[in-house]
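The structure under discussion appears below in the form of structure tokens.
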Number of protein chains: 2
Amino acid sequence: MLELAILGFLYEAPLHGYVLRRHIAALTGHVKPVAESTLYPAIKRLEKAGLLVRATEPGAVAAPRHVLRLTEEGRRELRRRLAEPAQREITDENQWFVLLAFLRHLEDPGAQAAVLRRRLAFLEEPTSFFYDGDRPIGAEEADDPFRQGILTIARATSRAELAWLRDTLASLGDVGR
Amino acid sequence: MLELAILGFLYEAPLHGYVLRRHIAALTGHVKPVAESTLYPAIKRLEKAGLLVRATEPGAVAAPRHVLRLTEEGRRELRRRLAEPAQREITDENQWFVLLAFLRHLEDPGAQAAVLRRRLAFLEEPTSFFYDGDRPIGAEEADDPFRQGILTIARATSRAELAWLRDTLASLGDVGR
DNA sequence: ACGCTATACATCGGCCACGATGTATAATCC
DNA sequence: GGATTATACATCGTGGCCGATGTATAGCGT
């Protein structure tokens with residue numbers, strides 16, 4: 001997820017680590033703060049994999065900056081990760097949001113629609129959080145207000161996202177199944 | 001998060017690993033499947049910490065079962081973790097939902113309300129996913145439909161949860177700030 | 001007869017994330 | 001004048017999570 005965010009932001013413009021960090025903090029930081037000690041090793045991994053290169057520039061106000069720029073391979077890799085996301089990136093809202101943030105970099109509307117359809121299929125599967133044996137328990141019959149809350153909130157989110165997905169798929173010219 | 005789920009389910013009744021796993025899968029599995037190779041080491045950690053004990057029973061249909069039962073210390077630890085959640089458990093919806101699922105085990109409504117108030121404070125903070133410099137970018141002006149979607153969905157979720165939080169706080173007899 | 005699925009546990013290696021800590025400089029606040 | 005904050009990088013150790021793999025037994029379909 002972190003690597004996807006790095007590739008996504010650098011796809012738009014070369015950045016140095018510090019600015020990159022602030023972008024990532026804005027995108028996911030309120031939910032899951034990104035530690036510097038996670039970001040810098042991640043940058044190193046991507047560099048080692050040949051997906052980005054560093055150029056050292058004298059620092060504007062402090063230490064010298066390492067300006068990070070995606071290689072052509074890095075640009076291909078971002079598009080690949082966007083087009084073929086892992087199932088976790090479809091199901092986990094945190095990861096899904098990161099993917100959505102950069103989905104515009106897939107130039108083919110059909111490929112974009114295909115990704116949205118995977119999310120749609122996931123949301124259309126019936127899922128409950130609690131079961132009585134095999135029978136799913138609805139929000140009305142949950143035995144405490146907190147579990148009711150989970151079901152209520154999840155349902156509201158799901159409804160909003162389904163509406164948005166269907167609208168967006170339609171405007172992408174997707175003909176449905 | 002996993003440990004909290006284990007403690008939470010065992011607080012209600014002793015279970016063996018396999019059933020515990022199915023409960024956890026129902027609670028969080030559609031978003032983030034729980035691997036057996038994560039569950040069993042987690043159980044071991046909790047056992048080593050003195051929070052639960054195992055009793056081996058002959059297996060009903062297969063291998064012998066290890067029935068897991070919380071110790072008094074384990075029960076105290078669950079209540080402590082519920083009453084004093086880490087900030088991540090407040091901000092990350094996945095973790096927050098697990099916490100909510102077991103909040104009923106805090107017997108004091110005041111303590112329950114205090115936890116909900118922390119989530120309320122978090123949701124009331126203004127947060128945007130994207131910035132133009134320091135200025136947050138709203139859903140209307142986001143430059144692509146996918147980023148618009150993120151903002152739209154997040155807003156819908158937030159609105160639903162805020163309504164539920166205020167209702168529930170009121171019914172817990174919370175007088176507000 | 002054979003394979004598949006469910007029950008029921010367990011280990012191992014690798015990767016990744018995080019907190020703590022370190023090293024500088026420059027600006028701002030009190 | 002001293003402390004704090006922001007900029008800008010980096011390492012290290014701990015520990016969690018995961019995929020792959022292993023070991024059994026029992027039932028069910030074909």
Side-chain angles (χ1 to χ4, degrees), chain A residues 1-7 14-26 28-29 31-49 51-52 54-68 81 86-89 91-92 94-95 98 133-134, chain B residues 1-7 14-26 28-29 31-49 51-52 54-68 81 86-89 91-92 94-95 98 133-134:
Chain A
M1 195 188 75
L2 179 58
E3 294 184 4
L4 187 64
I6 295 171
L7 294 174
L15 297 170
H16 60 274
Y18 199 78
V19 172
L20 180 59
R21 193 176 172 239
R22 285 204 280 112
H23 280 124
I24 294 173
T28 62
V31 166
K32 218 183 223 304
V34 58
E36 291 193 16
S37 52
T38 307
L39 178 62
Y40 288 111
I43 291 172
K44 264 195 183 169
R45 281 198 302 278
L46 297 177
E47 189 188 18
K48 206 172 161 188
L51 305 183
L52 60 83
R54 290 172 204 237
T56 305
E57 271 185 17
V61 311
R65 296 167 165 180
H66 292 186
V67 175
L68 311 169
R81 291 196 193 200
Q87 192 56 21
R88 277 286 208 302
E89 293 171 325
T91 61
D92 185 336
N94 297 156
Q95 299 193 45
V98 173
D134 276 339
Chain B
M1 194 188 74
L2 179 58
E3 294 184 4
L4 188 64
I6 295 172
L7 293 173
L15 298 171
H16 60 275
Y18 199 77
V19 172
L20 180 59
R21 193 175 171 240
R22 284 204 283 110
H23 281 125
I24 294 172
T28 62
V31 166
K32 218 183 225 301
V34 58
E36 292 193 15
S37 51
T38 307
L39 178 62
Y40 287 111
I43 291 172
K44 263 197 180 167
R45 282 197 302 277
L46 297 176
E47 189 189 17
K48 207 172 161 190
L51 304 183
L52 60 81
R54 289 170 204 238
T56 305
E57 271 184 17
V61 312
R65 296 167 164 179
H66 292 187
V67 175
L68 311 170
R81 290 194 194 202
Q87 192 56 20
R88 280 283 210 299
E89 293 172 326
T91 61
D92 185 336
N94 297 156
Q95 299 194 44
V98 173
D134 276 340

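Since this is a predicted model, take the numbers as computed values, not measurements. The chains referred to below are lettered A, B, ... by the order of the sequence lines, with proteins before strands, and numbering in each begins at 1.
The side chain of Tyr40(B) lies closest to dA8(C) when the candidates are dG19(D), dA8(C), dT11(D). Distances were taken from every side-chain heavy atom of His66(B) (C-beta onward) to each of dA10(C), dC17(D), dC18(D); the shortest belongs to dA10(C). Distance from the side chain of His16(B) is smallest for dC9(C) among the nucleotides dG19(D), dA10(D), dC9(C). Candidate nucleotides dT11(D), dC9(D), dG16(D) were compared by shortest atom distance to the side chain of Ser37(A), and dT11(D) ranks first.
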Query raised in the report: How far apart are the C-alpha atoms of Ile43(B) and Leu20(B), what are their side-chain angles, what is the distance that settles it, and do they pass the side chain to side chain contact (heavy atoms under 4.5 Å, CB included) test?
Result: CA-CA 10 Å; Ile43(B) 291 172; Leu20(B) 180 59; 4.3 Å; yes

**Report entry** Trace of the side chain to side chain contact (heavy atoms under 4.5 Å, CB included) decision for Ile6(A) with Leu39(A)
**Finding:** CA-CA 9 Å; Ile6(A) 295 171; Leu39(A) 178 62; 3.8 Å; yes

Query - Derivation of the side chain to side chain contact (heavy atoms under 4.5 Å, CB included) call for Thr28(A) and Asn94(A) - result: CA-CA 8 Å; Thr28(A) 62; Asn94(A) 297 156; over 6 Å; no

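Look at Arg65(B) and you won't find any side-chain N or O under 4.0 angstrom from OP1 or OP2 of dT25(D). Look at Tyr18(A) and you'll find a side-chain N or O under 4.0 angstrom from OP1 or OP2 of dT7(D). Between Arg88(A) and dC18(D), a side-chain N or O to OP1/OP2 separation shorter than 4.0 Å is present. The side chain of Arg21(B) places no N or O atom within less than 4.0 Å of a non-bridging phosphate oxygen (OP1 or OP2) of dA6(C).
Contact check for Leu15(A) versus Leu68(A): no side-chain heavy atoms found under the 4.5 Å cut-off.
Straight-line distance from the CD1 atom of Ile6(A) to the C1' atom of dA17(C): 13 Å, rounded to whole Å. We find that CG of Leu2(B) is positioned 14 Å from C1' of dG15(D), with the value rounded to whole Å. Atom-to-atom, CZ of Arg45(A) to P of dC16(C) comes out at 4 Å; the value is rounded to the nearest Å. Rounded to an integer number of Å, the gap from NZ of Lys44(B) to P of dG15(D) is 16 Å. We find that CZ of Arg22(A) is positioned 17 Å from P of dT5(D), with the value rounded to whole Å. Following rounding to the nearest Å, Gln95(A) (CD) and dA17(C) (P) show an atom-to-atom distance of 10 Å. Rounded to an integer number of Å, the gap from Leu20(A) CG to dT7(D) C1' is 15 Å. If you measure from atom CE of Met1(B) to atom P of dC18(D), you get 8 Å, rounded to the nearest angstrom.
Looking at which nucleotide of DNA chain C each of Pro33(A) and Glu36(A) is closest to, the 5′-most match is held by Pro33(A).
With respect to the salt-bridge test (charged N to carboxylate O, under 4.0 angstrom), the residues Glu89(A) and Arg81(A) do not qualify.
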